[in-house]
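To find a chain, count down the sequence lines: A is the first, B the second, and so on, and within it residues start at 1.
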Amino acid sequence: EDQVTQSPEALRLQEGESSSLNCSYTVSGLRGLFWYRQDPGKGPEFLFTLYSAGEEKEKERLKATLTKKESFLHITAPKPEDSATYLCAVQEVGGTSYGKLTFGQGTILTVHP
Amino acid sequence: DAMVIQNPRYQVTQFGKPVTLSCSQTLNHNVMYWYQQKSSQAPKLLFHYYDKDFNNEADTPDNFQSRRPNTSFCFLDIRSPGLGDAAMYLCATSRLFNEQFFGPGTRLTVL
C-alpha cells in the first residue's frame, strides 16, 4: 500500500526565513509526485509534478526536488501570503486506477511578518 | 477561464436526508474524481471515472454513490447522511495520469 508522510506537521517562519518541507513516500513504482497548496476552506491548488529522481521544478519562491525516497519543497524568503497547507501526493504506476493520488497529511505553513 | 465548478459551496442537511452534490468542468478532462476531506486530514479518494468507466475505492461506504451523465458533469449522492459524513467534498479533474485540478469544494454539515 502506498504511504506518504509529510514533515513537519506545522512550520512557523518569520518573513524572509527560508526553510524546507519534506515528503517521504513508499510506492512500488512512482509515476509522479505532486505538490499542492491548500488555503483554508478551498480546494487544493496544483503547484508541481515531478517524475524522476534528480528532477527539480521552480515557481516564484518555491522549488521542488525529488529523490528515490522523498521530495522537498524549498521556500526561499517566504512572505505572509505563502501561509497555507502544502500537500504532497504520489501516483503509482500500474494497477486499475486512473491516476489515483495518495495524499500525505500536509504541512501547515505560517509565515509571520 | 476553464475551471472546475462545484455546487453548492455549502450544504446543510439533516441526519438521514439524502443529498446530492454536483461538479462540472470546462476543461474537457476525461477523468473526474470525488474526494472527502475532514478537518486537518488528507483528501481521501471516494471514486473516480475515466470517461464512463467507474472506479469505487474499497473503503468507500455504500451510502455514497456517484453518477457521470456526460463528460462535463459528475454527481455525488449521499443516500442517508450520518454525522460522520460531515466534511469538505472535493471534485477534481485531469487528463489521464496528469495533474488533477480541484474545484472549490462543498462543505457539508449534517444536523
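Of the atoms belonging to A:Glu45, not a single heavy atom falls under 4.5 Å from chain B. Heavy atoms closer than 4.5 Å to chain A are found in the side chain of B:Arg9, but not in its backbone. Contact annotation for B:Gln6: neither backbone nor side-chain heavy atoms come within less than 4.5 Å of a heavy atom of chain A. In this structure, chain B has heavy atoms under 4.5 Å from both the backbone and the side chain of A:Leu101. Only the side chain of B:Tyr33 comes within contact range of chain A, judged by heavy atoms closer than 4.5 Å. Looking at A:Tyr36, only its side chain comes within 4.5 Å of chain B, counting heavy atoms on both sides.
For the set B:Arg107, B:Met88, B:Gln37, the count of heavy-atom pairs under 4.5 angstrom toward chain A peaks at B:Gln37. The greatest number of non-hydrogen atom pairs below 4.5 Å with chain B, out of A:Ala89, A:Gly32, A:Gly41, A:Gly99, is found for A:Gly99.
The environment of B:Lys38 atom NZ is dense: over 12 non-hydrogen atoms of other residues, nucleotides or ligands sit within 6.0 angstrom. The environment of NZ in A:Lys68 is sparse: at most 12 heavy-atom neighbours from other residues, nucleotides or ligands sit within 6.0 Å. At most 12 non-hydrogen atoms from other residues, nucleotides or ligands lie less than 6.0 angstrom from CG of B:Asp62. For A:Glu81, the CD atom sits in a packed shell: over 12 heavy atoms of surrounding residues, nucleotides or ligands are nearer than 6.0 Å. Other residues, nucleotides and ligands place more than 12 heavy atoms under 6.0 Å from the OH atom of A:Tyr51. The environment of A:Lys42 atom NZ is sparse: at most 12 non-hydrogen atoms of other residues, nucleotides or ligands sit within 6.0 angstrom. Other residues, nucleotides and ligands place no more than 12 heavy atoms under 6.0 Å from the CZ atom of A:Arg12.
Hydrophobic clustering of Ile, Leu, Val, Met, Phe, Trp and Tyr side chains at less than 4.5 Å, counting indirect connections, keeps B:Tyr35 apart from B:Tyr49. A:Leu47 and A:Leu11 fall within the same hydrophobic cluster, where Ile, Leu, Val, Met, Phe, Trp and Tyr residues are linked whenever their side-chain heavy atoms come under 4.5 Å apart, directly or through other members.
B:Leu90 and A:Gly43 get closest at one heavy-atom pair: CD2-CA, 3.8 Å. In plain terms, the two heavy atoms of B:Phe102 and A:Phe103 that are nearest each other are CZ-CZ, 3.8 Å. The shortest non-hydrogen separation linking B:Asn98 to A:Gln91 is O-NE2, 4.2 Å. When all heavy atoms are compared, the tightest approach of A:Gly104 to B:Ala42 is O-CB, 3.1 Å.
Taken from OG in B:Ser94 to CZ in A:Phe46, the straight-line distance is 11.0 Å, to the nearest 0.5 Å.
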